[in-house]
Each structure stands twice: as C-alpha cells, then as structure tokens.
Protein chains: 2
Amino acid sequence: MTTNARRPSTRTARTSRTSALQPSAAALDDTDRKLLALLAEDATRTYAELGKLLFLSAPAVHERARRLKREGVIKGTVAALDAAKLNRPLLAFVHVDTTSWAVTRQLLALEELSDVEEIHTVTGESAMLLKVRTRDTQSLEQLLARIHAIEGFTGTRSYIALTTYLERGPSPDL
Amino acid sequence: MTTNARRPSTRTARTSRTSALQPSAAALDDTDRKLLALLAEDATRTYAELGKLLFLSAPAVHERARRLKREGVIKGTVAALDAAKLNRPLLAFVHVDTTSWAVTRQLLALEELSDVEEIHTVTGESAMLLKVRTRDTQSLEQLLARIHAIEGFTGTRSYIALTTYLERGPSPDL
DNA sequence: AATGAAAGCGGGCCGAA
DNA sequence: TTCGGCCCGCTTTCATT
C-alpha cells in the first residue's frame, strides 16, 4: 500500500532535437532505461503492467517502446531457448590463432552451422574467438576438425564451460 | 481438455528411439524445431503467420508453443538490445585465474554489475571466464580492478573484441 | 466460431522552450 | 506560440476456449 498517487514530475530532459545523427549513440532518459531493463528481462509483459511499474499510462509506454524500436535500441524480440533441452549441453569457447587476417573470411562460413553462436575478432595472442554449443565432445571435435581444415591457422585452444552462473544480454546502466 | 495422445503424427518423427535416455533433453519433432528456430529469430510473429510457414493452423501452433514453454524449452521471451546504443561499445572476454575454487563464490557477486553478461567456470589454464560489456576502456579497467581486489587469484587476461560477426542465442539443429 | 483482452490510433491537455 | 510528452476515448486485431 501507500502507493504515492503522486506521479513523478515529468522532467523531460530529452533533447530529441539533436538533428546531428549519432549512429552509435541514443538519448535515453531514466524512464527509457528502466523500460529497457524490464523488456530485456521479460518482453511478454503488457503495456498496462509496464505502465504501473513506470508510473505511466499504457499508451505512453507503447509510444516509448515504439520509439526505441525505431531508433534501433531494441533490435528485436526473440525467444530464449534452453540449450540443454535442445540437446546442446556442451558449451565451449574456442580461440583460433591465424597467421593472416585473410583467414577471417573463411571462418565466417561457420555462421551456417547452428552450433556456432558467436564469432568475434579479438586482440591478444589469438585472432578470433568462437562461442560454440554442441551436443557432445565428438560434435565439438568435428567442428574443430573443420576449422583445422582451413589453411592459414596455427592452432586452436578450447575452453569448455563446466558451469554457467550467468548468461544474459546487454542491459542499460540504470 | 484431456491430453490424449491424439496428435496428428501422420509421419511421426517423434519416435521413441532416442527419447527417455537423456533426462534434460526434450522430445522434439521436426515441426517443433522449425517453430523454435522461427521464434528464436523473431518472437513477435503472429500464430497465424507461423501457421502459414509451418503448414499448420494457428491453434495448432499455439498448442505447440504452449507445450514448449511448459517443458522449459522456451525459457522466456526477451527484447534484444543494441549494446552500442546503450553506451556499451566495448566487448571483452576476461579469463580469470584463481588459486582455489573457493574464489568462485566471490566472483558471483559480479552478477550485480550490469557490465557483466556472462560468468562461467571453464577448463584449461584459467578457472573462470567472463563476458563483459563496458562503456570504454576505463570502465573495463575499473572492473578488472574490482576483480583484482578479490584474494586468491593469480591474474586475468582480457581479449577485447574488435568486430562481432555473429552473435545469437541457442537454436535447434533443423 | 465466439468471446474477451490487448494493441493501435486519433484527439485534447499540460508544461517547457 | 510551438513542440514534445502524456492521458483518455474508440477501433481493430489477436489470443484463447
């Protein structure tokens, strides 16, 4: 109880008139960040429920969500699947050492494999980093064999995840 | 609404050959996997649209989705946010070397930080692996300083992502 | 197929620039 | 005054039995 019927005064500090388009920046106020955090956690909530949590009306929440989608802050809404239930209990991070950066293009073909979840080029002694999820060690071995078939690499180092304590997507600062 | 086994298994791919052997794996037929792949890509599609893609009626799709949620194959529906738009352009993988596994508990406190996206214990020379996303190198340094403040570690190695070519969640085999 | 709920849309109000 | 954000009506669409 004791819900303050008093709505937090609308301090609209949004300067949406910044005609200078910054591709990688977005003007987010406090309510935006809270809304994004809620949607990143569970996107099935109704706008009415979000409005209660944010002290806003449902259409107002809808407007903000629409704007955030249009600006690309919200890239999409996806279903989070359980890897173990999909017969992929083995998670591994594979560091790939290459002699030249030209090999990078070859590795991008791995995108076709549903085993591969992430592909990054990274700094450090290894050139690329893969996050893969396979059914068992044999499937992982097959994947590594496929990487080794590509010319211009010097080796791979795999780190098999024993326990995953946290796994989530990007979320705002709050 | 009795759950009798009168499922339209005209060409039943849900055979019992491989079932009942793996406890955490779910029994999924071809349509289930296709549906999961579609939902993992975009969960905003309507059931009617999914039905057209799967050659099923909308209620049939709804029933399958409900079953998959109940079984935990679909853990939830979340909004995918753009890290760069959230002022987190710097992605890094941090390998943490520890002397004893007791330190693991300390690192779990990092879950509170929104910078930290993943925490795993892994095999290999390092004991733990973190996926972190920060605003800049200074924020990363602060995070590393916080890790170093914990006793029982021998060091960290960070791999900063230069380019991310692929980043997605678990998806079925198809 | 029918019902109930939620999303989507326009109008008017209010505060700030 | 203009503009942006919010609230409140109604209409349409979808989920659900």
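Quick caveat: nothing in here was measured; it's all calculated off a predicted structure. The chains referred to below are lettered A, B, ... by the order of the sequence lines, with proteins before strands, and numbering in each begins at 1.
A salt bridge does not link A/Asp115 with A/Lys131: none of the charged nitrogens is closer than 4.0 Å to a carboxylate oxygen. Using a 4.0 Å cut-off between charged side-chain N and carboxylate O, A/Lys75 and B/Glu167 make no salt bridge.
When each of B/Arg88, B/Arg135, B/Arg133 is paired with A/Asp173, the salt bridge (charged side-chain N to carboxylate O under 4.0 Å, His left out) condition holds for B/Arg88 and for no other.
Residues B/Pro59 and A/Ala60 both approach DNA chain D. Their nearest nucleotides, taken by heavy-atom distance, put A/Ala60 toward the 5′ side.
Among residue pairs with one or both ends in residues 61-94 of chain B, those qualifying as ring-ring contact (aromatic ring centres under 6.0 Å, His included) are A/His120-B/Phe93, B/Tyr47-B/His62; sequence neighbours excluded. Pairs engaging residues 67-86 of chain B under the ring-ring contact (aromatic ring centres under 6.0 Å, His included) rule: none recorded [sequence neighbours left out].
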* How far apart are the C-alpha atoms of B/Val96 and B/Leu129, what are their side-chain angles, what is the distance that settles it, and do they pass the side-chain contact (heavy atoms from CB on, under 4.5 Å) test? -> CA-CA 6 Å; B/Val96 181; B/Leu129 181 51; over 6 Å; no
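Here D/dG5 presents its C1' atom at 14 Å from CG of A/Leu68, a figure rounded to the nearest Å. If you measure from atom CD of A/Glu63 to atom C1' of C/dG11, you get 14 Å, rounded to the nearest angstrom.
Contact annotation: B/Arg66 side-chain N/O to D/dT16 OP1/OP2 distance is not under 4.0 Å. Residue B/His62 places no side-chain N or O under 4.0 Å from the OP1 or OP2 atom of D/dA15.
Only at 4.0 angstrom or more do the heavy atoms of residues 40-57 of chain B sit from any atom of DNA chain C, so none qualifies.
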